[in-house]
K.L.:
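Once you've had a glance at the structure underneath, I'll fire off some questions.
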There are 2 protein chains.
Amino acid sequence: MSDEPAPDIVISLEIDDPALADRLATLLGGVAGLRLAAPGEQTAAAIVARSRDPAGNGEFELTPRELDVLALLAEGASNKMIAQRLGISVHTAKFHVGSLLDKLDATGRTDAVAHAARRGVINL
Amino acid sequence: MSDEPAPDIVISLEIDDPALADRLATLLGGVAGLRLAAPGEQTAAAIVARSRDPAGNGEFELTPRELDVLALLAEGASNKMIAQRLGISVHTAKFHVGSLLDKLDATGRTDAVAHAARRGVINL
DNA sequence: GGCGAAACTGGCCGGATGGGCAGGGAGTGG
DNA sequence: CCACTCCCTGCCCATCCGGCCAGTTTCGCC
């Protein structure tokens, strides 16, 4: 591994918002092992805007707690794990999961994370 | 506003290639003013793969039948539904699901679809 | 022909899941 | 004060899930 040339990872910045793009360019410019791409250059990855669409997920009206549970659900956590991570009882975890299934119109926890991911409520 | 604490820019890492994702996570983890997103967290931007390796998902070597099961899994189908849709017995459906959990290194069906989606094996 | 991989089927069992019922406490706003 | 929502907890129960054991057939490859 010592012979690893460790070439810089080339990343292109594809952000519309000038302010955000500028901040990111400044931050990433000082990172060793990383380099911003010249125009037209082949890149390994790109940074794209993940702007919150105002009408995107606002319609779901998930409660803060439900968002917590949903995030853990997306990690494959069981009700028991959710309860431990959130410091609540398994009963309450099941309660929130049930509400999630209802609001997301899902048939099960797997369907719930699929729906949520599809609609951008969570990022896998 | 001048006393703005300059909140960290939250970025989600959405890279299929585990090696590249790991390198980026390491590099970006040490950048002040920047923070990688927790699962499900709202993010300002995302880092996505640019030039995808054509053999990107070839490493998983899922059998054709397993891909069938995986697709149904992503739709929240139960073992019984999978069996009906594929014209096989519930036992066989469970058999394929078990193989999927093993190959995808998942703890459950929900985790399996999350992993598969993250790595681009399936599109939600 | 032998051999491995893939696909398929069966039974069994502990634990997880989902849905139903009931309630209480905290906070907000009329 | 009362109504409302959110969050939390308890119990019961039918079903589902995941993992274990066992077996079969078909196919391609050496």
Side-chain angles (χ1 to χ4, degrees), chain A residues 52 56-119 121-122 124, chain B residues 38-42 55 57-119 121-122 124:
Chain A
R52 49 186 111 269
N57 59 358
E59 47 193 297
F60 286 109
E61 293 188 7
L62 298 181
T63 68
R65 211 50 165 168
E66 285 168 348
L67 288 175
D68 294 339
V69 174
L70 181 57
L72 292 174
L73 225 46
E75 294 193 328
S78 66
N79 289 332
K80 187 181 297 180
M81 295 178 188
I82 294 173
Q84 290 175 342
R85 291 264 211 108
L86 262 37
I88 58 181
S89 75
V90 181
H91 299 280
T92 307
K94 289 172 61 175
F95 171 80
H96 288 306
V97 172
S99 300
L100 241 13
L101 298 187
D102 197 38
K103 290 186 179 179
L104 290 174
D105 194 38
T107 62
R109 61 212 291 120
T110 303
D111 204 29
V113 305
H115 274 83
R118 260 185 278 259
R119 306 192 186 184
V121 183
I122 57 175
L124 289 183
Chain B
E41 186 178 8
Q42 272 286 8
N57 62 354
E59 48 193 299
F60 288 109
E61 292 189 9
L62 298 182
T63 68
R65 210 49 165 167
E66 286 169 349
L67 288 175
D68 293 340
V69 174
L70 181 56
L72 292 174
L73 223 46
E75 294 189 344
S78 66
N79 289 332
K80 187 182 297 181
M81 295 178 188
I82 293 174
Q84 290 176 341
R85 291 265 212 109
L86 261 39
I88 58 180
S89 76
V90 180
H91 292 278
T92 307
K94 289 171 65 174
F95 171 79
H96 288 305
V97 171
S99 301
L100 242 12
L101 298 188
D102 196 37
K103 291 187 179 179
L104 291 174
D105 193 40
T107 63
R109 60 213 292 119
T110 303
D111 203 31
V113 304
H115 274 81
R118 259 185 280 259
R119 308 192 186 184
V121 184
I122 55 175
L124 290 184

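A note on names: the letters A, B, ... follow the listed sequences, proteins ahead of strands, and every chain is numbered from 1.
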K.L.:
Just to confirm, is there a sub-4.0 Å distance from OP1 or OP2 of D/dC8 to any side-chain nitrogen or oxygen of A/H91?
P.N.:
no

K.L.:
Between D/dG10, D/dG18, C/dC8, spot the one nearest the side chain of A/S89, thanks.
P.N.:
D/dG10

K.L.:
Measure the shortest side-chain to side-chain distance between B/L72 and B/E75 over non-hydrogen atoms and say whether it is less than 4.5 angstrom.
P.N.:
yes

K.L.:
Using side-chain heavy atoms (C-beta onward) and a distance below 4.5 Å, is A/H96 in contact with A/I88?
P.N.:
yes

K.L.:
Between A/T63 and D/dC7, does any side-chain N or O lie under 4.0 Å from OP1 or OP2?
P.N.:
yes

K.L.:
Decide yes or no for B/L104 and B/E66: does some side-chain heavy atom of the first lie under 4.5 Å from some side-chain heavy atom of the second?
P.N.:
no

K.L.:
Would you say D/dC7 has OP1 or OP2 under 4.0 Å from some side-chain N or O of A/T92?
P.N.:
no

K.L.:
How many Å lie between CG on A/L86 and C1' on D/dC8, as a whole number?
P.N.:
12 Å

K.L.:
Calculate the interatomic distance between A/K94 atom NZ and C/dT17 atom P; express it in whole Å.
P.N.:
9 Å

K.L.:
Round to a whole Å and report the spacing from CG of A/L104 to P of C/dG18.
P.N.:
13 Å

K.L.:
Does A/R109 use its side chain to pair, donor to acceptor, with the backbone of A/L100 at less than 3.5 Å?
P.N.:
no

K.L.:
Rounded to whole Å, how long is the line connecting atom CD1 of A/I82 with atom C1' of C/dT17?
P.N.:
11 Å

K.L.:
Mind calculating the distance between CG (A/L101) and C1' (D/dT15) to the nearest angstrom?
P.N.:
15 Å

K.L.:
So does A/R65 get a side-chain nitrogen or oxygen closer than 4.0 Å to the phosphate oxygens (OP1/OP2) of D/dC8?
P.N.:
yes

K.L.:
Taking any heavy-atom pair under 4.0 Å as a contact, classify B/K80: base, sugar-phosphate, or nothing.
P.N.:
sugar-phosphate

K.L.:
Hey, does B/V97 reach any base, or is it just sugar-phosphate, or nothing, if we go heavy atoms under 4.0 Å?
P.N.:
sugar-phosphate

K.L.:
Side-chain contact test, heavy atoms from C-beta onward, threshold under 4.5 Å: evaluate it for A/D68 versus A/R65 and give yes or no.
P.N.:
yes

K.L.:
Given atom CG of B/N79 and atom P of D/dG19, what is their separation to the nearest angstrom?
P.N.:
11 Å

K.L.:
Mind calculating the distance between CZ (A/F95) and P (C/dG24) to the nearest angstrom?
P.N.:
15 Å

K.L.:
Using atom CG of A/D102 as one end and atom P of C/dG19 as the other, report the distance to the nearest whole Å.
P.N.:
8 Å

